Amino acid sequence: MKRNFFKVGAAAALTVTGVSAITSMKTVRAANFTAIKQVKISYLPGKSLNIWTNYENGQFMGYRAKDGTVWNVAETALDKKGNLWYKVGTREWIEARYTVDVTAGEKAEVSQAPTVKKTEAKQTKTIVNKKTAAVATKTATQKKAEKIAKVKKAKQIVNTAIKKTSQNTNQTSSTQATSKAASIVALAKQQIGKNYVWGAEGPDSFDCSGLVQYVYQKAAGVNLPRTTYDQVKVGQTVPLNNLQPGDLVFWGSTTAPYHVAIYVGNNQYVNAATPEQGTILQTVSSYFTPSIAKRVL
């Protein structure tokens, strides 16, 4: 079975010829293609990003993209929740929120792709073929219309959230804002110890943006967008040395961050960190410093 990845090396250009692909027994050559962009994996330190068979209800392929590695993107897509995905291989997809764009002058880091066992490759091929057959029934016009509709819906959600937040800010006094911030901090701390589950929105488990959305809605009545790269567009940007309780702090790209937390004061924040850590209270450190902060209230 051929499994063609669009991973790049240190001297690779956006147009790649003859990239090595992974099979159960031998190395083959991938087809020529022209990448639309390059991205670098920007996940949690020391962690690797899962690779999926599809952007919509895909299956985990059994191997991951290492943090810091660079990949060519052949295609982009939005899932039903409005999350952006990148196609980085023949059938391989990764979540865009865990990547940052590679600039034209930046060097790509060389790394080795993992080996796939023969039995795993056969299972993956069966799953992918079923998904491909289902998708193939849709015409190109239908696919394009669906993508346009999803993008339009995502923009409407962001614009509505920004508008409502702006109206609330104009109508709410500083005293009321402080009261809401205190409620947000209190509710955020009550979630400490709960499990991290990707895509979870509470009340028993969360992912990072799901926790933020849940706490703001329940404690302050503020309806935030669902994803980190939409949440970062809401509110006012504030300096990292001037944080107030209730502020949102983000990691990764300032326009498409991969992680978010709620600042609770005393240089600490509550976040749904990882499946191993769950929802925890942490201290801001030079090792894991936020890239941008937003004040919503």
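Treat the numbers as computed from the prediction; the structure is a model and nothing was measured. Note that these values count all heavy atoms, side chains included, but never hydrogens, waters or copies made by symmetry. Sequence positions, counted from 1, serve as the residue numbers for this chain.
Checking side-chain atoms of D207 against main-chain N and O of G210 turns up a donor-acceptor pair under 3.5 Å. Using a distance-only test at 3.5 Å, with no hydrogens or angles considered, a donor-acceptor pair links the side chain of Q213 to the main chain of L224. In this structure a side-chain-to-backbone donor-acceptor pair under 3.5 Å is present from T228 to P257. The backbone N or O of T227 lies less than 3.5 Å from no partner atom in the side chain of D230, so there is not a single donor-acceptor pair. S205 places no side-chain N or O within 3.5 Å of a backbone atom of G202 that could act as its donor or acceptor partner. Q231 places a side-chain N or O within 3.5 Å of a backbone atom of P225 that can act as its donor or acceptor partner. Between the T69 side chain and the A65 main chain, no donor and acceptor come within less than 3.5 Å of each other.
The side chain to side chain donor-acceptor pair (under 3.5 Å) search around D79 returns N83, W85, not counting sequence neighbours. The ring pair (Phe, Tyr, Trp, His ring centres under 6.0 Å) check on Y55 picks up W93, with sequence neighbours excluded. Every residue meeting the side-chain contact (heavy atoms from CB on, under 4.5 Å) condition with T141, not counting sequence neighbours, appears here in chain and number order: T139. Partners of L78 under the side-chain contact (heavy atoms from CB on, under 4.5 Å) rule, at least two apart in sequence or in another chain, are L84, K150, V151. With sequence neighbours excluded, the residues that form a side-chain contact (heavy atoms from CB on, under 4.5 Å) with S291 are T254. Considering only residues two or more places apart in sequence or on other chains, Y269 meets the ring pair (Phe, Tyr, Trp, His ring centres under 6.0 Å) condition with W251. With sequence neighbours excluded, the residues satisfying side-chain contact (heavy atoms from CB on, under 4.5 Å) with A293 are V238, L240, L243, V249. Under the salt bridge (Lys or Arg N to Asp or Glu O under 4.0 Å) criterion, K80 pairs with no residue, sequence neighbours left out. For K218, the salt bridge (Lys or Arg N to Asp or Glu O under 4.0 Å) test picks out no residue, with sequence neighbours left out. Taking Q236 as the reference, nothing meets the side chain to side chain donor-acceptor pair (under 3.5 Å) condition, with sequence neighbours excluded.
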**Asked** Hey, mind stepping through E75 and K147 against salt bridge (Lys or Arg N to Asp or Glu O under 4.0 Å) and telling me if it holds?
**Response** CA-CA 12 Å; E75 184 180 338; K147 289 181 180 180; 3.8 Å; yes
**Request:** Please lay out, stage by stage, how I94 and I41 fare under the test side chain to side chain contact (heavy atoms under 4.5 Å, CB included).
**Result:** CA-CA 9 Å; I94 59 174; I41 304 301; 3.8 Å; yes
**Message:** Working note: W71 + V73, criterion side chain to side chain contact (heavy atoms under 4.5 Å, CB included); need CA distance, chi angles, decisive distance, verdict.
**Reply:** CA-CA 6 Å; W71 299 76; V73 176; 5.8 Å; no
**Request:** Give the intermediate values and the outcome of side chain to side chain contact (heavy atoms under 4.5 Å, CB included) for residues R295 and D247.
**Result:** CA-CA 5 Å; R295 183 162 299 153; D247 288 346; 2.9 Å; yes
Pairs of donor and acceptor atoms involving the side chains of residues 260-267, under 3.5 Å and at least two apart or interchain, shall be tabulated with distances.
residue, atom, partner, partner atom, Å
Y263, OH, N267, N, 3.0
N267, ND2, V284, O, 3.3

May I have the list of side-chain donor-acceptor pairs in residues 182-192 shorter than 3.5 Å, sequence neighbours left out?
residue, atom, partner, partner atom, Å
S183, OG, S179, O, 3.2
Q191, OE1, K194, NZ, 2.7
Q191, NE2, L187, O, 2.9

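Rounding to the nearest 0.5 Å gives a distance of 7.5 Å between CD1 of I36 and OH of Y86. Taken to the nearest 0.5 Å, the CG atom of D204 stands 8.5 Å off from the CG atom of N195. From K233, atom NZ reaches atom NZ of K294 across 10.5 Å, with rounding to the nearest 0.5 Å. Summarising the geometry, atom OG belonging to S209 is positioned 8.0 Å from atom CD belonging to E201; distances are rounded to the nearest 0.5 Å. If you take OG1 on T274 and OH on Y43, they are separated by 8.0 Å, rounding to the nearest 0.5 Å. One distance of note links CD of E92 with NZ of K87; it measures 8.5 Å at 0.5 Å rounding.
Electrostatic pairing of K47 and D67 does not count as a salt bridge here, judged by no charged N lying under 4.0 Å from a carboxylate O. A salt bridge does not link R64 with E95: none of the charged nitrogens is closer than 4.0 Å to a carboxylate oxygen.
Minimum interatomic distance between R226 and A200 (heavy atoms only, all atoms of both residues): NH2-O, 3.5 Å. Closest approach of A272 to H259, counting heavy atoms only: O-CE1, 3.3 Å.
Two different hydrophobic clusters hold V212 and V197 under the rule that ILVMFWY side chains link at heavy-atom gaps under 4.5 Å. By the rule that hydrophobic residues join a cluster once side-chain heavy atoms approach within less than 4.5 Å of another member, Y216 and I157 end up as members of separate clusters. Cluster annotation: L44 and V39 are assigned to the same hydrophobic cluster (Ile/Leu/Val/Met/Phe/Trp/Tyr, side-chain heavy-atom contacts under 4.5 Å, transitive). The cluster map of Ile, Leu, Val, Met, Phe, Trp and Tyr, joined by side-chain heavy atoms under 4.5 Å apart, puts V100 and Y258 in different clusters.
Each of T279, I280, L281 was evaluated against N271; a single residue qualifies, I280, per the side-chain contact (heavy atoms from CB on, under 4.5 Å) test.
With contacts defined as side-chain heavy-atom distances shorter than 4.5 Å, the pair Y196/P275 qualifies. Looking at T53 and R91, their side chains never come closer than 4.5 Å, going by heavy atoms from C-beta outward.
Checked against the 6.0 Å centroid threshold, F206 and Y214 count as a close aromatic pair.
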